[in-house]
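All remarks here apply to the structure that follows.
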Amino acid sequence: MQDYINKDEFLKLLKLANLNKKQLAEISGIPYATINNWGYRTPYPIFVRFMLENYIKTKACNIDDEIIIKAKKYDELMLFLKEQNEKS
């Protein structure tokens, strides 16, 4: 197994995460200069793959959670409306 990733994989993951290098630096705590040097002075480290993959999965789960919460609220609203109609 390689201990680095290539530029294309890094850029693809960054795009999937909907991040740019500056945002990655902010959320990861890695200095922007370090991230900006990857691919030029130093190779892209392997941990970046796992970090970005997990970030993407977490964002997807949060979106799913929001959808589930909204669906539950919709179901509760529909039940409430049905009960109100039955009372009338």
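Values reported hereafter were calculated over all heavy atoms of this structure, with side chains retained and with hydrogens, waters and symmetry mates removed. Heads up: numbering here begins at 1 and tracks the sequence.
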Validation row: Ile30, Met51 side chains within 4.5 angstrom (heavy atoms): yes
Heavy-atom check, side chain of Pro45 versus side chain of Trp38, under 4.5 Å: yes
Working to the nearest 0.5 angstrom, can you tell me the gap between [X] [atom1] and [Y] [atom2]?
X: Gln23; Y: Leu14; atom1: CD; atom2: CG; answer: 8.5 Å
X: Leu13; Y: Tyr44; atom1: CG; atom2: OH; answer: 11.5 Å
X: Thr34; Y: Lys21; atom1: OG1; atom2: NZ; answer: 12.0 Å

In one Ile/Leu/Val/Met/Phe/Trp/Tyr side-chain cluster, 4.5 Å: Tyr32, Phe10: no
Atom of Arg49, atom of Ile5 and distance for their closest heavy-atom approach: NH2-CG2, 3.3 Å
Atom of Pro31, atom of Ala25 and distance for their closest heavy-atom approach: C-CB, 4.3 Å
Under the side chain to side chain contact (heavy atoms under 4.5 Å, CB included) rule, collect the residues that match up with [X], sequence neighbours excluded.
X: Asn37; value: Arg41
X: Lys12; value: Leu16
X: Ala17; value: Leu19, Leu52, Tyr55, Ile56
X: Lys57; value: Asn54

Trace of the side-chain contact (heavy atoms from CB on, under 4.5 Å) decision for Val48 with Ser28: CA-CA 10 Å; Val48 174; Ser28 68; over 6 Å; no
